[in-house]
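Within every chain, numbering begins at 1; the chains are lettered A, B, ... in the order of the sequence lines, protein sequences first and strands thereafter.
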2 protein chains.
Amino acid sequence: MIRVMVVDDQALVRRGFALVLDNEPDIEVVAEAGTGVEAIEAARAHQPDIILMDIRMPEMDGLEATARLLQTEEKAEANGTPCRVIILTTFDPDEYVFRALQAGASGFVLKDIPPEALVEAVRTVADGGAMLAPGITQRLISQFAQKLGTGRNLAERLERLTTREREVLAAIADGKSNAEIAEALFIGAATVKTHVSSVLSKLGLRDRAQAVVFAYECGLATAGGRDVGF
Amino acid sequence: MIRVMVVDDQALVRRGFALVLDNEPDIEVVAEAGTGVEAIEAARAHQPDIILMDIRMPEMDGLEATARLLQTEEKAEANGTPCRVIILTTFDPDEYVFRALQAGASGFVLKDIPPEALVEAVRTVADGGAMLAPGITQRLISQFAQKLGTGRNLAERLERLTTREREVLAAIADGKSNAEIAEALFIGAATVKTHVSSVLSKLGLRDRAQAVVFAYECGLATAGGRDVGF
DNA sequence: CATCGTCTCCACCTTTTGGGGGAGATCTGA
DNA sequence: TCAGATCTCCCCCAAAAGGTGGAGACGATG
């Protein structure tokens with residue numbers, strides 16, 4: 001049985017969704033809430049598996065509430081509900097979507113979806129999957145493809161480098177100085193200089209700063225995978 | 001009426017999908033193909049709206065075929081079918097997914113989905129949306145959230161900088177030398193040095209290379225939006 | 001009005017970087 | 001076996017970068 005909580009400030013809308021879901025044999029609406037604050041309290045009290053969350057609400061909006069819920073969950077971890085959130089809204093501006101996904105939402109669907117699709121979304125997310133409105137999936141894909149895309153042409157230039165040179169480039173893209181690279185690779189400082197020169201010359205770059213840019217643009221280095229604790 | 005082409009090297013599987021789809025009143029299967037090469041020919045001949053594409057095939061795999069189809073489309077543009085591809089496969093290793101999305105696919109679903117869901121996927125994609133298998137959507141989201149996520153903490157450090165300093169940092173992240181920055185910002189080279197020093201000191205960085213790393217990690221600079229034509 | 005932050009610049013100095021050579025040791029493939 | 005590529009290291013040198021300290025101008029803020 002999938003335990004669901006519906007959060008929306010409009011009681012009528014809330015009841016509508018609740019009725020649709022409660023009508024399913026495998027879904028049970030265990031709580032409702034009208035504000036973000038209420039949502040957080042109710043989630044603690046009723047431990048739902050899935051939360052359907054509106055964005056525009058008084059007191060605390062749905063994105064904020066989602067972030068808080070999933071954040072405290074992280075800390076509690078083993079303790080309780082690995083509850084998952086589906087954002088359910090009338091609008092889909094990019095800003096909302098990104099903030100929602102960043103907050104940890106597992107779904108983002110528009111209120112105009114047919115009831116069966118909503119039910120399906122709940123089941124999918126309860127099952128560990130994620131569900132986005134088709135148009136949003138579309139944008140997510142194109143943004144993603146864009147980030148991957150440019151790498152291609154540049155990655156070819158990368159192949160002109162020897163293995164050692166690529167290692168050095170990676171170290172440069174890590175923010176290391178020549179001395180640090182020497183230490184990291186167990187070679188002399190002079191050798192590092194030689195490799196750095198080769199890298200710059202082969203890639204048509206002027207200095208290590210441009211090398212860092214190149215590394216990020218071609219995918220050798222990627223944002224999001226670091227502690228910038230230099 | 002949605003014109004669909006089914007591409008799969010196993011005739012039995014192909015027919016199965018074709019029958020399911022043809023059974024829908026608003027969908028018409030106009031062609032079938034058993035290899036990537038055939039798929040490209042058939043697509044030209046029959047101008048389908050949607051192509052269901054298997055990955056593992058003789059002669060040319062589905063990803064390659066997808067890339068070629070959508071690439072030539074781009075060139076033809078106004079000319080013909082803005083045809084869209086749904087990858088339909090048994091496996092979902094990340095590598096395939098990424099290559100598929102990069103090739104321009106609008107969907108990536110597994111062959112074990114229920115027939116109604118397949119039909120729904122076709123309609124969604126024909127309608128301009130995109131459809132991914134739930135688990136894939138999940139991974140796409142987490143990868144995306146990760147990229148956005150790290151930026152937060154670092155973006156706060158960014159706020160310690162003055163406007164001018166952020167501009168200078170952005171220029172550094174562009175691969176510019178101090179002299180070039182001076183020219184770009186219409187200030188003296190000495191001034192640039194001052195700003196650079198402030199940036200490094202305020203952010204706790206050692207040199208401009210680390211500054212570039214920082215800029216990418218905090219989202220001030222993002223991969224994919226550049227010509228690395230230094 | 002005095003102070004603070006910001007932007008602009010200067011001079012002096014040390015360190016790092018990058019370019020130009022050259023050279024020995026391996027290893028691989030023709 | 002010999003040519004070529006790669007990795008390693010050296011020297012010298014010029015340019016760039018980075019640190020320190022100081023200074024004038026401007027606007028906001030108390």
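- Counting 5' to 3', DNA chain C first comes under 4.0 angstrom of a heavy atom of chain A and last does so at the ends given by C:dT17 to C:dG19.
- In this structure, the salt bridge (Lys or Arg N to Asp or Glu O under 4.0 Å) partners of A:Lys111, at least two apart in sequence or on a different chain, are A:Asp8, A:Asp54.
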For each nucleotide in nucleotides 10-19 of chain D, reading 5' to 3', give B when a protein heavy atom comes within less than 4.0 Å of its base, S when such contact involves only the sugar-phosphate, and - otherwise.
B------BBB

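- In this structure, the side chain to side chain contact (heavy atoms under 4.5 Å, CB included) partners of B:Ile113, at least two apart in sequence or on a different chain, are B:Val109, B:Ala117, B:Leu118.
- Legend: residues meeting side chain to side chain donor-acceptor pair (under 3.5 Å) with A:Gln138, ordered by chain and number and at least two apart, are B:Arg84.
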If you restrict it to nitrogen or oxygen atoms, what contacts under 3.5 Å exist between nucleotides 23-30 of chain D and the protein, and what is each distance?
none

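- With salt bridges taken as basic N to acidic carboxylate O contacts below 4.0 Å, one links B:Arg139 and B:Asp94.
- Here B:Asn178 pairs with B:Arg208 under the side chain to side chain donor-acceptor pair (under 3.5 Å) rule; sequence neighbours left out.
- Applying the salt bridge (charged side-chain N to carboxylate O under 4.0 Å, His left out) test to residues at least two apart or on different chains, the pairs with a partner in residues 178-193 of chain A are A:Glu180-B:Arg206.
- Between A:Leu203 and A:Leu169 the shortest side-chain heavy-atom distance falls below 4.5 Å.
- By the salt bridge (Lys or Arg N to Asp or Glu O under 4.0 Å) test, B:Glu167 pairs with B:Arg164, sequence neighbours left out.
- Axis angle between the ends of the helix from C:dC1-D:dG30 to C:dA30-D:dT1, five pairs each and rounded to 10 degrees, works out to 40°.
- Phosphate contact (OP1/OP2 of D:dT6, side-chain N/O of A:His195, threshold under 4.0 Å): absent.
- In terms of heavy atoms, A:Met57 sits closest to A:Gly34 at SD-O, 3.9 Å.
- Scanning for salt bridge (Lys or Arg N to Asp or Glu O under 4.0 Å) contacts around A:Glu32 gives A:Arg14, A:Arg15, with sequence neighbours left out.
- Under the side-chain contact (heavy atoms from CB on, under 4.5 Å) test applied with A:Ile86, the options A:Leu132, A:Val125, A:Thr66 reduce to a single match, A:Val125.
- Take B:Thr162 and apply the side chain to side chain donor-acceptor pair (under 3.5 Å) test, not counting sequence neighbours, and it matches B:Glu165.
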